[in-house]
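One structure is given here, and the rest of the page talks about it.
These figures come from a predicted structure and were not determined experimentally. Numbers here are sequence positions counted from 1.
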Amino acid sequence: MTSRVIDDSRRWAAFHGVGTYQLLMEIHAAVEDTHGMILQGQPRVAAYCARDAVVCCLAVRSLATRGELWMEDQDPFYDPFSDCGEAEHALLSQIVGGLTRAGDDAEVDLAYRGLVDFVGETERLLGFSASPASIRTPQGMFPALRVARDLFHVMETAGLPQVLPKSWTATGKPPAEE
């Protein structure tokens, strides 16, 4: 599947801007949490995390047509399934149901693969040719830690408290001490 063609410039901006933000901040985290819960043998918690990923993917996809910019999970008027067709609804039920029932490892793995594929399709709809790096990795948001680490010397010289604990950085030492 390729990226969506959206004629309305406001919808295009919302779909790509807010959609990418949701993908990087919410969806990837939910998928990573789902995987972590599967590895910990907690399929029902994994199903809850997968539900978050699915609902966020649907919210992103709906931005191209008539979806709300920001969904509130507890908003009684928000319907993330409004643009969801019957086949897509069945697939999503199978994904979350496969994790909830957790009959055996094969069923859990199949449900997780379905989730990853669904998220991958959402990424392609947003125009990504490959999955963008997770913000929880060195290829994602973690380079921002390097910037904060480089500020150690400046903060110390100015007599200000450090931005991050030194133990959070690669060496734990300000750049001047390396």
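- Side chains of Gln94 and His89 form no contact here, defined as non-hydrogen atoms less than 4.5 Å apart.
- With rounding to the nearest 0.5 Å, the separation of CG in Leu115 from SG in Cys57 is 7.5 Å.
- No side-chain N or O of His35 forms a donor-acceptor pair with one of Gln40 less than 3.5 Å apart.
- Considering OG1 of Thr34 and CG of Leu39, their distance stands at 11.0 Å, rounded to 0.5 Å.
- Leu110 and Val119 end up in different hydrophobic clusters when Ile, Leu, Val, Met, Phe, Trp and Tyr side chains are linked at under 4.5 Å.
- Side-chain atoms of Thr20 do not come within 3.5 Å of backbone N or O of Gly17 as any donor-acceptor pair.
- For the pair Tyr48/Leu99, no side-chain contact is recorded, criterion being any heavy-atom separation below 4.5 Å from C-beta on.
- The cationic atom of Arg124 (NZ for Lys, CZ for Arg) does not lie both less than 6.0 Å from the six-membered ring centre of Phe118 and within 45° of the ring axis.
- Both Ile95 and Leu58 belong to a common hydrophobic cluster when Ile, Leu, Val, Met, Phe, Trp and Tyr are linked at side-chain heavy-atom distances under 4.5 angstrom.
- No side-chain donor from either of Arg44 and Thr100 sits under 3.5 Å from a side-chain acceptor of the other.
- In this structure, Phe15 and Leu125 approach most closely via the heavy-atom pair CE2-O, 3.3 Å.
- Residues passing the side-chain contact (heavy atoms from CB on, under 4.5 Å) test with Glu26 are Gln22, Cys56, sequence neighbours excluded.
- Residues Leu24 and Ala133 share a closest heavy-atom pair of CD2-O, 3.9 Å.
- Residue Leu126 is grouped with residue Val18 when hydrophobic side chains (ILVMFWY) are merged at heavy-atom distances under 4.5 angstrom, including chains of intermediate members.
- Connection of Val96 to Met37 is not established within any shared hydrophobic cluster, with ILVMFWY side chains joined at heavy-atom distances below 4.5 Å, either directly or through further cluster members.
- Contacts of Ala30 classified as side-chain contact (heavy atoms from CB on, under 4.5 Å), with partners at least two apart in sequence or in another chain: Asp52, Ala53.
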Yes or no on side-chain contact (heavy atoms from CB on, under 4.5 Å) for Glu32 and Cys49, after CA distance, side-chain angles and deciding distance? CA-CA 9 Å; Glu32 291 168 9; Cys49 295; over 6 Å; no
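- Across all their heavy atoms, Leu63 and Gly19 have their closest contact at CD1-N, 3.9 Å.
- Criterion: ILVMFWY side-chain heavy atoms under 4.5 Å apart, direct or through other members. Under it, Val108 and Leu91 are part of a common hydrophobic cluster.
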